[in-house]
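Worksheet: one structure, shown below.
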Amino acid sequence: MTDEDLIAAARAAADNAYAPYSRFPVGAALRFADGSVVTGANVENASYGLALCAETVAVAKAMAEGVRGGLVAVAVTGPGREPLTPCGRCRQVLNELAALGGTDPEVLCVGPEDVRRTTLSALLPDAFGPASLG
């Protein structure tokens, strides 16, 4: 799967977002070393604080399917004018999954015209993770 395919999967996932309050549908796609892709979309809630970000939904789906490592790339997209980056909570959640496989995935922050490429470690330097507990 190419980066363009991963971005397309994230955009398709955003079509399934439940975002009646913010009207800001976000999609995420996670690519693993074996070539598999897991997607997620944001899910809002009337109590606002219980909303789930697209990246968190994708990680939860991956974990529920038994995926415990091998995260190599993440694409995140939304309707904003600028490339969209994962929020702080999502960076932490993505870090947990990446740490299980010892990877530092590329993060494709997708905007309507531009894609900003970075790594998870650049977005979350000195992250707290599983190794921090031992």
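In this text the structure is predicted, and so the values were computed from the model without any measurement.
- In this structure, the side chains of Asn42 and Glu44 come closer than 4.5 Å at one or more pairs of heavy atoms.
- Put simply, the side chain of Thr119 never gets that close to the backbone of Asp104: no donor and acceptor are under 3.5 Å apart.
- When every heavy atom of Ala28 is checked against every heavy atom of Ala13, the shortest pair comes out as O-CB, 4.1 Å.
- With rounding to the nearest 0.5 Å, the separation of OG1 in Thr39 from CG in Asn16 is 7.5 Å.
- Placement of Leu84 and Val93 within a single hydrophobic cluster is found when ILVMFWY residues are connected by side-chain heavy-atom separations under 4.5 Å, directly or transitively.
- Minimum interatomic distance between Ala75 and Ala10 (heavy atoms only, all atoms of both residues): O-CB, 3.7 Å.
- Side-chain contact annotation: Thr85 with Arg116, donor-acceptor N/O pair under 3.5 Å absent.
- By the neighbour-count criterion of 12 heavy atoms within 6.0 Å, atom CD of Glu65 is densely surrounded, having more than that number from other residues, nucleotides or ligands.
- The two residues Ala9 and Ala29 make their nearest non-hydrogen contact at CB-CB, 4.0 Å.
- No continuous path of hydrophobic side-chain contacts links Val76 to Val110 [ILVMFWY only; heavy atoms under 4.5 Å].
- Distance CG/Leu30 to CG/Leu6: 8.0 Å, rounded to 0.5 Å.
- Considering every non-hydrogen atom in both Ala14 and Gly27, the closest pair reads CB-N, 3.5 Å.
- Atom CG of Asp3 and atom CD of Glu106 lie 5.5 Å apart (nearest 0.5 Å).
- To the nearest 0.5 Å, atom OG1 of residue Thr77 and atom CG of residue Leu108 are 10.5 Å apart.
- Residues Val67 and Lys61 fail the side-chain proximity criterion, which asks for heavy atoms closer than 4.5 Å.
- No chain of hydrophobic side-chain contacts below 4.5 Å, direct or via other Ile, Leu, Val, Met, Phe, Trp or Tyr residues, connects Val38 to Val57.
- The distance from the CD atom of Gln92 to the CG atom of Leu120 is 9.0 Å, given to the nearest 0.5 Å.
- The nearest pair of heavy atoms linking Ala99 to Pro130 is CB-CD, 3.7 Å.
- When hydrophobic clusters are built by joining Ile, Leu, Val, Met, Phe, Trp and Tyr residues whose side-chain heavy atoms come closer than 4.5 Å, directly or via intermediates, Leu100 is grouped together with Val59.
- Side-chain atoms of Phe32 and Leu97, non-hydrogen and from C-beta on, do get closer than 4.5 Å to each other.
- When hydrophobic clusters are built by joining Ile, Leu, Val, Met, Phe, Trp and Tyr residues whose side-chain heavy atoms come closer than 4.5 Å, directly or via intermediates, Tyr18 is not grouped with Val26.
- The closest side-chain heavy-atom distance from Asn95 to Phe128 is not below 4.5 Å.
- With contacts defined as side-chain heavy-atom distances shorter than 4.5 Å, the pair Pro86/Val107 qualifies.
- Considering all non-hydrogen atoms of both residues, Gly40 and Ala58 come closest at N-CB, 3.7 Å.
- The SG atom of Cys109 sits 5.5 Å away from the CG atom of Leu123 when rounded to the nearest 0.5 Å.
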